[in-house]
Amino acid sequence: MAKVLTSRKENYAQWYNDLVLKAGLAENSAVRGCMVIKPYGYAIWEKIQAQLDRMFKETGHENAYFPLFIPKSFFSKEADHVEGFAKECAVVTHYRLKNDEKGGVIVDPDAKLEEELIVRPTSETIIWNTYKNWIQSYRDLPILINQWANVVRWEMRTRLFLRTAEFLWQEGHTAHATRAEAIAETKQMIDVYATFAREHMAMPVIQGHKTENERFAGALDTLSIEAMMQDGKALQSGTSHFLGQNFAKAFDVKFADKTGKLEHVWATSWGVSTRLMGALIMAHSDDNGLVLPPKLAPIEVVIVPIYRNDEQYDTVCEKGEEIRKALLKKGISVKFDKRDTQKPGWKFAEYELKGVPLRLALGMRDIENGTIEVARRDTLTKEVMPMEGIEDVVDKLLVEIQDEIYNKALKFREDNIHYVDTWDEFVDTLENKGGFIMAHWDGTSETEQEIQTKTKASIRCIPFDNPQEEGKCVLTGKPSKERVIFAKAY
RNA sequence: CGGGGUGUAGCACAGUCCGGUUAGUGUACCUGCUUUGGGAGCAGGGGGUCGCAGGUUCGAAUCCUGCCACCCCGACCA
């Protein structure tokens with residue numbers, strides 16, 4: 001087969017880029033750092049969205065929409081928050097263009113805005129400014145809102161899906177009467193993300209707390225799910241923040257409790273983005289292209305007809321159409337690729353590149369024998385099976401594939417988690433093995449930063465339910481009570 | 001913002017050093033015939049302001065000046 005992708009071994013970053021382009025997921029646009037998400041990539045995102053949206057609603061959340069633009073002054077209200085985002089904000093300064101004498105257009109200098117508008121990098125400020133008007137009493141709480149939106153962060157260096165200047169995401173913003181309730185919400189949502197990653201993306205994740213260094217700007221605690229990619233690097237795939245009363249204080253949002261006393265509201269925010277597309281790609285795909293878990297595949301099964309002439313084409317198509325209907329009846333998304341503009345071999349390669357979990361090939365040989373060829377994308381195996389009842393077989397196979405992809409990813413991760421106790425071991429493991437390193441750390445930001453400067457590895461998270469044990473910090477030798485996860489990250 | 005590099009057909013590139021037929025190759029595209037169980041073969045065809053603007057020259061993709069864009073490395077990045 002013609003090689004269209006750089007192999008993972010040869011150059012992992014290039015492989016990723018090739019795959020995104022060749023599988024028709026996204027491409028770079030005319031705007032620096034911004035991507036065009038193509039129909040096939042967007043279809044996967046829609047499946048991600050649909051499932052998450054269901055899960056948010058099941059946990060009591062509602063969708064709403066807030067403005068793209070945020071008055072500049074809002075950003076000065078929460079000191080840590082502006083510190084975290086100021087350097088990467090797009091700013092709108094004018095509201096009109098005019099014709100230039102030379103034939104082009106220029107910004108009309110007379111149309112300068114009194115107060116500049118910031119294109120949202122995240123919506124905490126505009127939302128808390130709004131919540132101020134919505135909350136007076138404990139009876140108005142909790143507020144459980146999610147929004148699906150685009151945000152802009154002017155990143156210096158971008159990569160398709162993993163880091164783009166504009167990206168799509170959802171951001172949940174909740175308001176609560178008590179600290180405990182907000183903390184419970186923060187935890188609940190990181191659990192939702194972990195469940196989604198595991199059950200739908202077939203991607204195992206580790207949940208934990210971020211260290212102070214890695215915490216969201218303005219949060220008291222940040223929880224994350226961390227996944228391991230096939231090159232051993234970590235990808236932060238979702239975060240849930242306990243914001244304490246920081247934003248309530250910044251925007252003066254108070255409520256009267258049952259005794260009539262005024263208190264600041266407790267907040268959380270949580271989000272996942274189109275970065276999940278990058279996670280999905282890097283978690284499962286191989287040198288032949290994308291490998292999609294059936295639950296997120298826009299097409300679960302493709303049927304390819306094989307024929308030599310018009311008469312055979314008609315015969316094969318008739319049978320193929322029957323199979324298509326039988327699969328549809330089972331609720332399976334199926335494409336019957338009847339195009340006679342492409343050859344079977346071309347189609348095989350194409351659907352492999354696009355990660356369609358199952359492929360059925362149907363030719364005259366099968367019609368005579370009452371069989372059909374079933375090919376699995378994840379294992380690249382082919383088997384000739386009886387045509388009768390194929391829809392049940394496919395149904396079962398899709399479940400099996402979903403499980404096996406997960407197990408494969410889980411095994412890979414387990415094989416690449418290393419426990420180390422000395423600095424030499426730490427450096428050696430990071431350089432020669434990669435993956436996640438479980439090591440003791442003295443709990444200080446200084447040590448974390450020094451390790452990052454020396455090795456480029458950062459603390460991904462402090463896992464929940466982490467076993468407590470006596471140990472010594474891998475760098476400073478100071479006492480430590482638990483191991484944390486170090487890794488190089490995207 | 002520092003260092004390096006690249007702009008030539010939809011895409012990938014050669015040609016530039018050393019100026020000189022009608023600017024070329026692969027791929028993709030179109031037409032026809034033969035093919036079709038793993039990205040088919042042959043024949044024919046269409047497609048170019050050579051990044052932009054000046055300059056040198058009888059003559060510029062090629063030399064000179066300026067500008068623009070993009071890429072890589074670094075800095076930056078919850």
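- Rounded to the nearest Å, the gap between the P atom of B:A53 and that of B:C71 is 23 Å.
- The interatomic distance linking A:Asp337 (CG) with B:G38 (P) rounds to 16 Å, in whole Å.
- Atom pair A:Lys382:NZ and B:G37:C1' shows a separation of 7 Å (rounding to whole Å applied).
- In this structure, A:Ile190 and A:Ile225 have side chains that are in contact, with non-hydrogen atoms separated by less than 4.5 Å.
- Using atom P as the reference point in both B:C30 and B:G46, the two lie 15 Å apart (nearest Å).
- Donor-acceptor pairing under 3.5 Å is lacking for the side chains of A:Asn150 and A:Trp169.
- Atoms CD (A:Glu350) and C1' (B:G37) sit 18 Å apart, rounded to a whole Å.
- The side chain of A:Lys456 lies closest to B:G74 when the candidates are B:G39, B:G37, B:G74.
- A:His61 places a side-chain N or O within 3.5 Å of a backbone atom of A:Phe56 that can act as its donor or acceptor partner.
- Two rings, from A:His81 and A:Phe216, have their centers less than 6.0 Å apart.
- Base pairing of B:U36: no nucleotide in any strand meets the Watson-Crick or G-U wobble criterion (both distances under 3.5 Å).
- Without hydrogens or angle criteria, A:Arg377 side chain to A:Tyr351 main chain gives no donor-acceptor distance under 3.5 Å.
- Figure legend. B:U65 is base-paired to B:A53; pairs are counted as Watson-Crick or G-U wobble with both atom distances under 3.5 Å.
- One interatomic measurement links the two molecules: CG of A:Asp366 to C1' of B:U36, which rounds to 15 Å at whole-angstrom precision.
- Listed nucleotides: B:G39, B:C77, B:G38. Nearest to the side chain of A:Phe348: B:G38.
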Enumerate all atom pairs, one protein N or O and one N or O from nucleotides 1-3 of chain B, separated by less than 3.5 Å.
none

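- In this structure a side-chain-to-backbone donor-acceptor pair under 3.5 Å is missing from A:His241 to A:Ala219.
- Atom CD in A:Gln236 sits roughly 12 Å away from atom C1' in B:C77 (whole-Å rounding).
- A:Asp221 and A:His209 are linked by a side-chain donor-acceptor pair at a separation below 3.5 angstrom, with hydrogens and angles left out of the test.
- In this entry the distance linking CZ of A:Arg339 with P of B:G39 reads 16 Å, nearest Å.
- For the residue pair A:Thr6/A:Asn11, the side-chain donor-acceptor check at 3.5 Å is not satisfied.
- Across the P atoms, B:U65 and B:C70 are found 24 Å apart, a figure rounded to whole Å.
- Atoms CG (A:Leu160) and P (B:C71) sit 11 Å apart, rounded to a whole Å.
- When both distances must be under 3.5 Å, the Watson-Crick or G-U wobble mate of B:C58 is B:G20.
- Listed nucleotides B:G39, B:G38, B:G37 differ in distance to A:Leu353; the shortest reach to its side chain belongs to B:G39.
- Rounded to whole angstrom, the span from the CG atom of A:Leu362 across to the C1' atom of B:G37 amounts to 11 Å.
- Comparing A:Asn213 and A:Asn28 against RNA chain B, the residue whose closest nucleotide sits nearer the 5' end is A:Asn28.
- Comparing the P positions of B:C63 and B:G15 gives an interatomic distance of 12 Å, to the nearest angstrom.
- When heavy atoms are screened at a 4.0 angstrom cut-off, A:Gln342 is found touching no nucleic acid atom at all.
- Searching all strands for a Watson-Crick or G-U wobble partner of B:C29 with both distances below 3.5 Å returns B:G45.
- Contacts between residues 299-318 of chain A and RNA chain B, defined by a heavy-atom separation under 4.0 Å, are made by A:Ile306, A:Tyr307, A:Arg308.
- Nucleotides B:G20 and B:C33 have their P atoms positioned 44 Å apart, rounded to a whole Å.
- B:C64 sits 26 Å from B:C1 when the P atoms are compared, rounded to a whole Å.
- Taking atom P on both nucleotides, B:C77 is separated from B:A69 by 25 Å, rounded to a whole Å.
- Checking the phosphate oxygens (OP1, OP2) of B:G39, no side-chain nitrogen or oxygen of A:Lys343 falls inside 4.0 Å.
- Note on A:Glu400 versus A:Arg376: salt bridge recorded, some NZ/NE/NH1/NH2 to OD/OE distance being below 4.0 Å.
- Nucleotide B:C70 forms a pair with B:G5, judged by Watson-Crick or G-U wobble geometry with both contacts under 3.5 Å.
- One P atom belongs to B:A60, the other to B:G55, and the distance between them is 12 Å to the nearest Å.
- Salt bridge status for A:Glu321 with A:Lys338: present, with a side-chain N to carboxylate O gap under 4.0 Å.
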Give the intermediate values and the outcome of ring-ring contact (aromatic ring centres under 6.0 Å, His included) for residues A:Phe161 and A:Tyr16. CA-CA 10 Å; A:Phe161 290 120; A:Tyr16 174 82; 7.6 Å; no

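- Residue contacts for A:Arg159: at a heavy-atom cut-off of 4.0 Å it reaches no nucleic acid atom on any strand shown.
- Under the 3.5 Å distance criterion, the side-chain polar atoms of A:Thr59 are matched with a main-chain donor or acceptor of A:Met55.
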